[in-house]
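Presented below is the structure to which this report refers.
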Amino acid sequence: MEAFLPIGILFLFAVMLCAGIYVLTNLLGPRIFQKNKLSTYECGVQNPLFETNARLPFKFRFYLVAVIFLLFDVEGAFFLPWALVYRESLQLGANLLIAMLVFSVFIILGLIYVFQNNYLNVD
Amino acid sequence: MREVFFMIFSIFTVLAALGVVVSRHAIFSAFSLVLAFFGLAILYLLWGTSFVSMLQILIYTGAIVVLFVFVVMLLDLKKEETLDSAKTGPLVMAGLSVWFFSLLILRALNRATYFKSTNVEAASDIKSISTLLFSKYLWGFEILSVFLLALIVSACVLARAEYMERKADQ
Amino acid sequence: MDLTELSIVSIKTLLIYVAFIQVVPVMIWVERKGAALIQDRPGPNRVGPFGVFQPIADALKFLFKEDPVPKEVNRLLYNLGPFLILLPSSLIIAAIPVGDRVELFGRDILLQVADIDVALLFFLSISSLGVYGILFGGWASNNKYSLLGAMRSSSQVISYEIPIALSAANAVMFYGTFSLRQMVMQQEGVLLGFLPNWGIWFQPIGFLVLFVALFAETNRLPFDLPESEAELVGGYHTEYGSMKFAAFFMAEYINLATASALLVTLFFGGWHVPWLSDSWLLLKLGSQNVVALVQVAMFLAKISVLLCIFVWVRWTVPRFRFDQLMHLAWGNLIPLGLANIIVTAILLYFFEGR
Amino acid sequence: MIPASVQILHWSHYVAACLFALGMFGFLIRKNAIVVLMCIELMLNAVNLILVEVSMRSGHPEGLIFVIFIITVAAAEAAVGLGIILNLYRAKGTVNIDAFRELQG
């Protein structure tokens, strides 16, 4: 636990930097507010074009990317402890190698499934 | 020194968890969920397991809550009245059950005595956890990969991208 | 953890943190000069000799510009957006081993903010927190373009985290430890007579996957899609004013520095002088502090080479389309990383297994 | 194995109890389906915290292995749960759980 104390100190410095930026901007920056400066940027179009429902499916593909990322991230995370002990375990024989090959087979099956139904053609 | 950190981060985590339940818009509860999981990761660190706390940040805060935020951003939710619109009945019942349940936990834990094994320090660093994971719990690890494959298929079918396109375009 | 040790640690942390922040103005200057060189134009040369004070002028300009906060923006997340990117990228600096050690005040001080035994895992998990700044910043600015920019940019950043995890697992398999300091220790001296004993000779594909994925992680061209002026009008930081806009770019440059530091630590032998071993250096130069100075200088030289490569690629390679970008991540990098792990595992078995 | 009468109740017991209680409270009270899922995640994390604490104090690292498996299952639960919520949103147009009362006859 002791090794993580400097990281806490670094976090404090980072927070000080961010607070400094925030305070300096508000102190130094001038305050001239007009109406059009306060509305969000709409490219000069009064009523934004795509207010209709058409946006919904477009955004669903991002949900798909996030779900597939979550599941493959979990699988990626399992490689880390395995890699740590793999080299020593070679002295005791190849069971860790076989374990990982079986694990990778299922990952590859998952990848093939995702690509075959092109769930990821996010355009 | 360590007790001070324990106290600070315990209170921080509980307050963040409270923020999840109380906040009005779903994205603020997602944000306080991130803070709660970050506080939990630091608590695991204070207990000495750096591996589990890093895993917590990597998977929980880095992937699961990102998925929550994605879904919240996907459905343009309006600011909702949370607590006052709930009828008083479930509120009281929920409060009572919550209070009773936490008491139950504390009571049960109070009598538990641990059988302290000899090597506390050795057992907790990453190498011993990983060797244990891949020696005694290897089958759990293999079943997990099948489980994750089934999950990928089910998550993709649930999303059913093509069907949603047609439905939304009508 | 008595007081003197605490003060030493905090001073060392402050020094390393300020050193990494100095990368931002230097990189601004190198980027503009590099772009000018490639596009055959003089680049900034008005402010000071060769435009050296141009970054300072930029910083002052950002400080004094007005910061308009649009009305219908929800305050908390809007203001937190840029800092949620800046905090994780400055936390990553803790894991980077800058040098070996220095003997000052009778103590052995490690030239590294925190020598934790999970350094690489710490690097992975903290860099996965950067997505929140993009998501909350884009959502809070309550503008169609920044929302879509935030979604596209964060789906790009998260889908390039998996190749990074896979190539990190590959590196861990070789070095047998998560601690970046031990990894650098194992890359000392000479290999096969003429090669410096670096990690890249053992895992070329791992280096390739990590190099490309780190491009996308830092939102650098050719993965610059979210901020592409043409389509998304500036992506998730459209609505941000002066210094907050600068905070986004500060975070990007600090990310760039930590990404190249990771590449140097994993594959190019960290702070080791190529071909020379530390003991030989100690013999030659006498005191350990001078050796540490040489090592830090060598580390900075390696990082600057990589930073120049980042700048050079940015101004020569055209931008990816979004589906090409996702296809590159899911179709090429992840299978390549996976195959790389399997092949190295099998090769290791033949060379070392029973 | 010697039974150790360790100072049983520690800060993180209270934290875990509060987390579980808050998760359960949110689960019962909140109307937004996504926040309900978040409260389930909170409950899972309360279990993780107790597991880590007990396994670290008693020296048996098995608890940490369970935590790793629980994290995976929680990821699975979030992925499928949100998939279901999205389908309900597409069918009903709202995420408010009062709207999903088809089975009440």
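We use all heavy atoms of the structure for the numbers below, so side chains are in, but hydrogens, waters and symmetry mates are not. The structure displayed is predicted, hence computed values, not measured ones. Throughout, protein chains are lettered first and strands after them, A, B, ... in sequence-line order, and every chain is numbered starting at 1.
Interface residue B:L67: backbone and side-chain heavy atoms are both found under 4.5 Å from chain D. Only the side chain of B:I64 comes within contact range of chain D, judged by heavy atoms closer than 4.5 Å. Only the side chain of B:S154 comes within contact range of chain D, with at least one heavy atom under 4.5 Å from a heavy atom of that chain. If you measure heavy-atom distances from D:A16 to chain B, you find no contacts under 4.5 Å at all. Residue contact with chain D, scored on non-hydrogen atoms closer than 4.5 Å, is absent for B:A150. Neither the backbone nor the side chain of B:F9 comes within less than 4.5 Å of any heavy atom in chain D. In this structure, the portion of B:L151 lying under 4.5 Å from any heavy atom of chain D is its side chain and not its backbone. Interface residue D:I65: only side-chain heavy atoms are found under 4.5 Å from chain B.
Counting heavy-atom pairs under 4.5 Å between each of B:L40, B:L148, B:L55 and chain D puts B:L40 at the top. Considering only heavy-atom pairs separated by less than 4.5 Å from chain D, the leading option among B:L144, B:V65, B:I59, B:I11 is B:L144. When the candidates D:A76, D:A79, D:C18 are compared by the number of heavy-atom contacts under 4.5 Å with chain B, D:A76 comes out ahead. When the candidates D:V73, D:I84, D:N48, D:V36 are compared by the number of heavy-atom contacts under 4.5 Å with chain B, D:N48 comes out ahead. For the options D:L49, D:V80, D:V67, heavy-atom pairs under 4.5 Å to chain B are most numerous at D:L49. Here D:N45 is the residue among D:N45, D:L82, D:I71 with the most heavy-atom pairs under 4.5 Å with chain B.
Note on ring orientation: taking the six-membered ring where Trp is involved, the planes of B:F6 and B:W47 are perpendicular (angle over 60°, cut-offs 30° and 60°).
What you find for B:A41 and B:I57 is that their closest heavy atoms are CB-CG1, 3.5 Å.
Remark: side-chain polar atoms of D:H60 are not paired, donor with acceptor, to backbone N or O of D:E62 under 3.5 angstrom. Side-chain N or O atoms of B:T49 include one that pairs as donor or acceptor with a backbone N or O of B:Y44 at under 3.5 Å.
More than 12 heavy-atom neighbours from other residues, nucleotides or ligands sit within 6.0 angstrom of CZ on B:F141.
Counting heavy atoms from C-beta on, the side chains of B:L133 and D:L64 never come closer than 4.5 Å. Looking only at side-chain heavy atoms (C-beta outward), D:I70 and D:L44 come within less than 4.5 Å of each other. Looking at B:S145 and B:E142, their side chains come closer than 4.5 Å, going by heavy atoms from C-beta outward. Side-chain contact between B:L158 and D:L86: absent, with no pair of heavy atoms (C-beta onward) separated by less than 4.5 Å.
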